[in-house]
Number of protein chains: 2
Amino acid sequence: MKTQLKKGTLDMCVLAALAAGDSYAYELVSILSRSMEVSEGTMYPLMRRLQAEAWVSTYLVESASGPSRKYYTLTAEGRRQLALMQQEWQEFVGDVNSVLQLAAGRATGETA
Amino acid sequence: MKTQLKKGTLDMCVLAALAAGDSYAYELVSILSRSMEVSEGTMYPLMRRLQAEAWVSTYLVESASGPSRKYYTLTAEGRRQLALMQQEWQEFVGDVNSVLQLAAGRATGETA
DNA sequence: TCCAACTATCATGTATTACAAGGTACATGG
DNA sequence: CCATGTACCTTGTAATACATGATAGTTGGA
């Protein structure tokens, strides 16, 4: 299972999806599902965390096909956070990839 | 804190480091510390997991400067696992980056 | 009418795992 | 003889992804 890989990236992915337009939890699951596996049991607690951090705010919109939809929209702080997370993400990917090159390179033998 | 980002990648990083040469936990911490933050409290439980999965095997080597060192070496299965993890890692990075591109058009309209 | 299916919300419990904090043991130099 | 550095290990905690299932409104069919 690569569920562990997702830890810490789902927040960022959700924020990124919201940066492309307001959405609600149920729809976010299907949007993200186009690229990765996510479930509702993950999304709802996650959205509450994002709201608790004030990275998103909500408004209700009535739906003709079921209960009202709770739309989420990025706050200014959320946008800042997204930028920060993306930067950390790229640094992290760089770090990991540099470690992976140990396996390919085989000849490091430096300061030990 | 980006400790969550590491979930699921540390195993791979350790296997990659071992692919470059046998090592022991204490040394692995300092090797990986060159690229990322890791602590002993993380490493020792992790090594036991890797051994429980039979991805590494161990042998003792006496040291002139302290207790015997428990060296870890990759098993054939460990090498297979490393290759698999690297593949999953790259797919995962691709997935996440494709989600991040959802935001590309909007959030960073100006200061990119 | 009643029941199933679909949309949409949320809560509870479990597993994984990174890490801090603490403990053991051995060697060497002040 | 004690501090320091090497090297091992355990326990407890926090974060979080997810399975499962509850709640509720709408629509359409038997």
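Numbered from 1 within each chain, the chains take letters A, B, ... in sequence-line order.
Taking the side chain as every heavy atom from C-beta outward, A:Asn97 and A:Leu100 approach each other to under 4.5 Å. With contacts defined as side-chain heavy-atom distances shorter than 4.5 Å, the pair B:Ser68/B:Val61 does not qualify. Contact check for A:Leu18 versus A:Leu28: side-chain heavy atoms found under the 4.5 Å cut-off. Between B:Val56 and B:Leu15, the closest side-chain pair of non-hydrogen atoms falls below 4.5 Å.
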Distances under 3.5 Å only, N/O to N/O: pair up the protein atoms with those of nucleotides 23-25 of chain C.
none

Distances under 3.5 Å between protein N/O atoms and the N/O atoms of nucleotides 2-4 of chain D, please, pair by pair.
none

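Remark: A:Thr73 engages A:Asp22 in a side chain to side chain donor-acceptor pair (under 3.5 Å) (not counting sequence neighbours). With sequence neighbours left out, B:Gln81 forms a side chain to side chain donor-acceptor pair (under 3.5 Å) with no residue at all. Take A:Glu77 and apply the side chain to side chain donor-acceptor pair (under 3.5 Å) test, not counting sequence neighbours, and it matches A:Arg80.
One distance of note links OG1 of B:Thr9 with CZ of B:Phe92; it measures 9.5 Å at 0.5 Å rounding. We find the CD1-SG distance between A:Ile31 and A:Cys13 to be 12.0 Å, quoted to the nearest 0.5 Å.
Residue pairs that meet the salt bridge (charged side-chain N to carboxylate O under 4.0 Å, His left out) test with at least one member in residues 54-76 of chain B, sequence neighbours left out, do not exist here. The ring-ring contact (aromatic ring centres under 6.0 Å, His included) pairs that include a residue from residues 64-85 of chain A are A:Tyr24-A:Tyr71, A:Tyr59-A:Tyr71, where partners are two or more places apart or lie in different chains.
Near DNA chain C, meaning a heavy atom under 4.0 Å away, the residues from residues 41-52 of chain A are A:Gly41, A:Tyr44, A:Arg48. Within residues 23-30 of chain A, the residues that place at least one heavy atom under 4.0 Å from DNA chain C are, in residue-number order, A:Tyr24, A:Ala25, A:Tyr26.
In this model, a side-chain donor or acceptor of B:Lys7 finds a partner on the base of C:dT17 within 3.5 Å.
For A:Lys70, the side-chain atoms get nearest to C:dT9 when compared with the rest of D:dC9, C:dT9, D:dA7. Each of C:dC10, D:dA7, D:dC18 was ranked by its minimum atom distance to the side chain of A:Ser39; first place goes to D:dC18.
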Show me the donor-acceptor pairs within less than 3.5 Å that the side chains of residues 33-55 of chain A make with the rest of the protein, sequence neighbours left out.
unit_1	atom_1	unit_2	atom_2	d
A:Ser33	OG	A:Val29	O	2.6
A:Ser35	OG	B:Ser98	OG	3.3
A:Ser39	OG	A:Thr42	OG1	3.3

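Between B:Thr3 and the phosphate of C:dC19, there is no side-chain N or O to OP1/OP2 separation shorter than 4.0 Å.
Distance, A:Gln4 CD to D:dT16 C1': 8 Å, rounded to whole Å. Counting to the nearest Å, the P atom of D:dT6 and the CD1 atom of B:Ile31 are 14 Å from each other. Whole-Å rounding puts the A:Leu5 CG to C:dT16 C1' distance at 12 Å.
Within the hydrophobic cluster formed by Ile, Leu, Val, Met, Phe, Trp and Tyr side chains joined at under 4.5 Å, directly or through other members, B:Leu84 stands alone, with no partner residue.
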